[in-house]
Amino acid sequence: MNIIKNPRAKVPLRLSIVVISIIETVIIFSLFPEYAGVISYSVFSTSILIQIFLVFQLTGNAAKKYTNTKFKLGICFLMVVFMAVPFLICGAIPKYTYDNGKVILAEYLNEKSDIEFIANDEFIPRLPVTPYPKGFPKVILIDNEFYYYEIKIDGKNRFFSINPLTGEVFELEKSFYNF
């Protein structure tokens with residue numbers, strides 16, 4: 001017995017889940033450059049793949065072997081959970097973007113002279129840190145990384161990291177990446 005008895009309903013259900021998954025993927029990966037990769041995309045990409053797999057399992061011919069109603073309801077529950085995970089991104093977005101961090105750093109330094117941010121064209125640098133306290137859902141959705149900045153003030157290089165959740169500034173003694 002299929003969970004969807006009407007064969008005509010299978011195609012729109014499958015198509016709608018694929019469209020929802022594409023929308024979730026676009027939303028998630030559109031945030032990647034803005035937040036410089038501090039968001040853990042592995043959780044989201046895995047949940048999107050699992051939700052597609054579960055829908056195809058429940059609507060396919062293989063679903064006939066699932067005769068236990070509790071088992072089917074369990075799979076439906078898991079499908080709803082996996083569909084909700086990507087929408088947790090709203091609760092996981094860090095308070096500060098990489099560009100916000102530049103503004104925070106400029107205010108922190110309060111320098112009268114020009115501040116030159118030394119940029120790396122290949123990637124936006126992040127500084128791996130030991131796990132730090134984060135509330136749910138950030139604890140599973142935000143990587144343990146801070147934004148990293150190398151700046152030049154009056155010909156002297158200085159190095160900083162900024163917590164993307166709190167905006168807290170940390171000055172480092174030496175360069176992490178040795179640009």
Side-chain angles (χ1 to χ4, degrees), residues 16-53 78-179:
S16 64
I17 293 298
V18 169
V19 169
I20 288 170
S21 299
I22 290 170
I23 291 170
E24 290 171 345
T25 304
V26 168
I27 290 170
I28 291 166
F29 287 104
S30 68
L31 294 172
F32 184 78
E34 191 172 347
Y35 289 97
V38 296
I39 297 173
S40 177
Y41 293 100
S42 61
V43 173
F44 296 113
S45 56
T46 304
S47 67
I48 289 170
L49 292 173
I50 290 173
Q51 78 187 13
I52 291 171
F53 173 76
L78 284 174
M79 187 174 62
V80 169
V81 168
F82 282 113
M83 288 175 68
V85 168
F87 292 105
L88 289 175
I89 190 80
C90 296
I93 294 176
K95 188 174 182 180
Y96 301 101
T97 64
Y98 188 80
D99 289 335
N100 293 142
K102 289 181 178 181
V103 174
I104 291 170
L105 193 52
E107 290 173 0
Y108 173 81
L109 293 171
N110 198 16
E111 291 285 330
K112 303 286 186 234
S113 58
D114 289 335
I115 299 173
E116 178 188 345
F117 286 90
I118 300 171
N120 184 338
D121 295 333
E122 296 176 19
F123 68 99
I124 294 177
R126 297 177 310 273
L127 181 70
V129 295
T130 57
Y132 56 97
K134 301 173 273 195
F136 183 81
K138 290 179 174 60
V139 69
I140 59 170
L141 304 176
I142 301 292
D143 288 334
N144 292 315
E145 296 182 325
F146 288 176
Y147 299 133
Y148 175 80
Y149 303 90
E150 185 171 336
I151 61 171
K152 187 176 279 192
I153 301 175
D154 298 328
K156 182 182 175 192
N157 287 2
R158 292 175 68 185
F159 316 99
F160 295 91
S161 67
I162 295 181
N163 183 330
L165 300 177
T166 64
E168 189 176 0
V169 177
F170 302 95
E171 185 163 5
L172 308 172
E173 293 179 14
K174 59 182 182 174
S175 173
F176 182 76
Y177 288 103
N178 297 318
F179 290 143

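If you're wondering where the values come from, they're calculated on a predicted model, not measured in any experiment.
Considering only heavy atoms from C-beta on, Ile151 stays 4.5 Å or farther from Asn157 through its side chain. Between Thr166 and Lys95 there is no side-chain heavy-atom pair separated by less than 4.5 Å. No side-chain heavy atom of Tyr98 sits under 4.5 Å from any side-chain heavy atom of Pro164.
Within a 6.0 Å sphere centred on CZ of Phe170, other residues, nucleotides and ligands contribute more than 12 heavy atoms.
With rounding to the nearest 0.5 angstrom, the CG atom of Leu172 is 10.5 Å from the CZ atom of Phe146. Atoms CD1 and CG, from Ile104 and Asn163 in turn, are 9.5 Å apart once rounded to the nearest 0.5 Å. Expressed to the nearest 0.5 Å, how far CD1 of Ile162 lies from NZ of Lys102 amounts to 10.5 Å. Distance check, rounded to the nearest 0.5 Å: OG of Ser16 to CD1 of Ile23 gives 10.0 Å. Atom CG of Leu127 is separated from atom CG of Asn144 by 11.5 Å, given to the nearest 0.5 angstrom. Between the CD1 atom of Ile52 and the OG atom of Ser21 there is a distance of 3.5 Å, given to the nearest 0.5 Å.
Residues Phe159 and Tyr148 come closest through the heavy atom pair CD2-OH, 3.4 Å.
Tyr96 contributes no side-chain N or O that, together with a main-chain N or O of Leu165, makes up a donor-acceptor pair within less than 3.5 Å. Looking at Asp143, its side chain never comes within 3.5 Å of a backbone N or O of Glu145 through a donor-acceptor pair.
Side-chain rings of Tyr149 and Phe160 stay apart, their centers remaining 6.0 Å or farther from each other.
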